[in-house]
Amino acid sequence: MNTKSFFSFFLACAICAACTQPCVVNWTEGETDPDTGLALHTLTIQNPPAGTDWTIWFSQFRTPVTMAPDAPGSIDHISGTLYRVVPARHRGKTMTLRYEARPLVNQCRAPEGFYLQRSGEAPVALETAYDFLPAEVVHTFDYTPVPTSPYDMIPRLKRVQPRKGTTDPSAEPKVDFVKGQAPGWYRLTLDGSIRIEASDEDGAYYAGITLDNIRRNAKGATVGSATVTDWPDLPYRGLMLDVSRNFTGKDDLLKLLDIMSHYKVNFLHLHFGDDEGWRIAIDALPELTDYGAYRCIPELQADGSILEPNGLQPTYCVAPDRDTPSPGNGFYSHEDFVEILRYAWERRIRIVPEFDSPGHARAELKAMEVRAARTGDASCLLSEPEDTSEYESVQDYTDNVMNVALPSTYTFFETVFDALIAMYKEAGVPLDAIHIGGDEVPEGAWTGSPACKALMEANGKTDIGWLKDYFTNRLLDIAEARGVKLAGWQDVAQELEPATLERLKRNLAFTNLWTVSGGLDVLPYEFANQGIPVMISSAPNCYMDFAYNYGKLERGHSWGGFVDERRAFSVQPFDMYRSVRWDDYGQIVDLSRSGEGKPALKPAARRLILGVEGHLWAETLRCFDHVTYYYFPKALGLFERGWNATPAWAGTTVADDPAFTADFDRFFSIIVDHEYSFYEDQGIAYHRH
């Protein structure tokens, strides 16, 4: 080989080697500009493909992006949390994209799920490295440890009367049922032998849980004899788990039910249908899960639009296809859900199923479009091809609202209701309500719908708000015909005509009132005073997906503040105006005038404060460890307040009143002494203060 040929060969090999260098992404967090409040972040692509016939997909919590003037490309928002890199002409081994956006609230909200896709090729996952600004672990409260006994547990026992002598708690109890006591009431006597008296099956089960906790806390030793008398103050003590945004599989859900039963929790509100996924198989509508339970990188069109032929677009995390293990993919089969229902009921836990409607409905809407296209069956179609309405939802979708004027929309509801009712019947468990969501329909929905226009004209209506009354009455027709109650978010009972509201109240199991800041803290008592049943779901106390604190190393949302163990413990169902005693940064809140000018809860309306519910939305969940970390031990304050609704410090107007401090010290000492070890035994992730 001559010198010229050798040099050409060497150069070709070098070029080939350079071409095969893997494409890698580096993301760098930028400092915040004090004048603009924005940060200049950097997305660096090492070894990008040549030319411009490629893109990089990724997920990012929605933030407006402004590219630096010298950027060799752009970052375009598709919808939801899906973004893509659009390259321009560039040279060299590095493409640096600087862009101005909101500062990073915490590290878990950085861009993620980077996939490179060349034209005509399958997407390839990219190795990603992050360069975050320095951050430290944050603690938002202190407590003084106090001694605990085997009778200390959560929720705490109402009465423990010591008796003479000791008892071996491992002995089997004798169980008797008694009449005339409150629902869930029991008396547990340890006086050498063990006896349980209970008002009902719930009470007997709770007595057994108390005995199990005494045994666990005693660690094999005998305990001082005592008589325990106990009962729940509120009939509903629950958790809500969003399995739509990101999925929690059956085995993990059963594990969660086990842990819930340890705390005498009696409701699981399962949010299985939303924009990002539908998670329960409905045999008559297989497309709901065949299509709507999967997320795939979409097909990019020449004009920049996308098609979603095989599954919904990625959001909150990215999976390239249906077969890639991802929290974005998965559902409960018919058999799975029946098993879950039975498993829960054995632990005295009732499951409330929810699919959101008519907004937050993109998964079912798109699945029914696919069904119509594949089978020609449009009997359950939720959208109108001629609809030109323009809107953008809170989660940045422009196509997620059911068309409430279509007869097929109500055929869909009938089909789903019938399937759910049948599964509960097959499982042999009670169906307390079907939760239909009803929240956050964006402004502009239905304004361009010919079907909605025709329906309004036929009924002599000009205000598009009337369509909500029409939708509500049609759902009530379906529910009443089947003897099932409805539940919904607070929006479901707002902005209705009086006659519609009165009808809804007669068939309403409960409303979740979550927006209780910015002057809306009056809503729980306004609702109850009107005769509307209320589930305390206040974001500042009950949103489990909020980060424990403002530290950037903590996972979770922060749009409504932060929720830690002390904040959850502070909720007062019958004094909501004093339920935030410290702000998000640990500063004491002045409670002395907190209820001035606000409606008090009428005595007759107290019965309509049904309970408390902790909500875990799944946008920042990526695995079951995240589920349990967010819940535990944060949710224990809600379990405590659902069981013991009026604490000794109720009515105090000083945040750190000695009565509050003493009560919280004992509560948190129980967590440290008994619950941390319980979580270790269960093998679950949890937050350790």
Side-chain angles (χ1 to χ4, degrees), residues 79 273-275 285 354-369 371-372 377-417 434-482 486-508 511 527 530 532:
S79 68
D274 208 300
D275 294 325
L285 300 173
E354 180 197 351
F355 62 100
D356 215 337
S357 65
H360 282 280
R362 190 175 192 269
E364 52 262 48
L365 191 149
K366 292 297 179 184
M368 291 302 94
E369 289 178 355
R371 176 178 174 81
D377 181 1
S379 62
C380 290
L381 197 63
L382 301 170
S383 57
E384 181 184 21
E386 297 79 18
D387 190 350
T388 60
S389 302
E390 294 184 2
Y391 58 85
E392 187 172 45
S393 74
V394 176
Q395 281 76 26
D396 301 297
Y397 293 107
T398 59
D399 53 358
N400 75 335
V401 180
M402 297 176 175
N403 190 308
V404 297
L406 300 177
S408 52
T409 293
Y410 303 100
T411 303
F412 173 85
F413 274 96
E414 290 171 339
T415 304
V416 173
F417 273 42
I434 295 176
H435 199 298
I436 50 88
D439 64 320
E440 296 183 329
V441 174
E443 185 176 353
W446 308 321
T447 55
S449 162
C452 288
K453 181 180 179 181
L455 179 65
M456 292 174 64
E457 288 178 349
N459 286 273
K461 303 294 182 180
T462 57
D463 180 1
I464 201 163
W466 171 82
L467 290 171
K468 180 176 181 178
D469 283 87
Y470 177 80
F471 174 73
T472 303
N473 279 293
R474 289 296 304 269
L475 288 195
L476 285 168
D477 291 341
I478 294 169
E480 289 169 358
R482 290 158 176 76
L486 298 179
W489 300 100
Q490 61 198 36
D491 312 49
V492 78
Q494 294 178 301
E495 300 179 355
L496 292 173
E497 294 178 352
T500 304
L501 179 58
E502 288 304 312
R503 185 185 180 196
L504 177 64
K505 286 192 291 187
R506 292 192 295 271
N507 200 64
L508 193 60
T511 50
F527 270 44
Q530 293 178 60
I532 301 170

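One is the number of the first residue; the rest follow in order along the sequence.
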Task: Counterpart residues, salt bridge (Lys or Arg N to Asp or Glu O under 4.0 Å), relative to Arg482 (two or more places apart) - done: Asp418
Open item on the list: Just to verify, what does Val492 make a side-chain contact (heavy atoms from CB on, under 4.5 Å) with, not counting sequence neighbours?
Closed with: Ile436, Thr511
- [ ] Mark yes or no for whether Tyr391, through its side chain, and Asn400, through its backbone, hold a donor-acceptor pair below 3.5 Å.
- [x] yes
Task: Heavy-atom closest pair, residues Pro358 and Val404 - done: CB-CG1, 3.9 Å
- [ ] Using the test salt bridge (Lys or Arg N to Asp or Glu O under 4.0 Å), find all partners of Glu440 that sit at least two apart in sequence or belong to another chain.
- [x] none
Open item on the list: For Glu480, give me all partners under salt bridge (Lys or Arg N to Asp or Glu O under 4.0 Å), at least two apart in sequence or on another chain.
Closed with: Arg503
Open item on the list: Return the CZ to CG distance between Phe412 and Leu382, rounded to the nearest 0.5 Å.
Closed with: 5.0 Å
Task: Glu443, CD atom: more than 12 neighbouring heavy atoms under 6.0 Å - done: no
Open item on the list: Gln395: which residues meet the side-chain hydrogen bond (donor to acceptor under 3.5 Å, both in side chains) condition with it, sequence neighbours left out?
Closed with: none
Task: Residue pairs fulfilling salt bridge (Lys or Arg N to Asp or Glu O under 4.0 Å) with at least one residue in residues 389-400, sequence neighbours excluded - done: Arg62-Asp396, Arg362-Asp399, Lys366-Asp399
TODO: Kindly write out the residues that satisfy side-chain hydrogen bond (donor to acceptor under 3.5 Å, both in side chains) with Ser389, not counting sequence neighbours, or none if the list is empty.
DONE: Asp387
- [ ] Could you pull out all residues at least two apart from Thr500 that satisfy side-chain contact (heavy atoms from CB on, under 4.5 Å)?
- [x] Asp469, Thr472, Asn473, Leu496, Glu497
- [ ] Can you sort out the partners of Lys453 under side-chain contact (heavy atoms from CB on, under 4.5 Å), two or more places apart, ordered by chain and number?
- [x] Glu457
Task: Sequence-distant partners of Lys505, side-chain hydrogen bond (donor to acceptor under 3.5 Å, both in side chains), two or more places apart - done: Glu502
Task: Contacts of type salt bridge (Lys or Arg N to Asp or Glu O under 4.0 Å), residue Asp356, not counting sequence neighbours - done: none
Open item on the list: Taking side-chain contact (heavy atoms from CB on, under 4.5 Å) as the definition, give me every residue that meets it alongside Asp463, ordered by chain and number, with sequence neighbours left out.
Closed with: none
TODO: For this output row, return yes or no: ring centroids of Tyr410 and Phe417 closer than 6.0 angstrom.
DONE: no
Open item on the list: For Gln530, is the CD atom crowded, meaning more than 12 foreign heavy atoms sit under 6.0 Å from it?
Closed with: yes
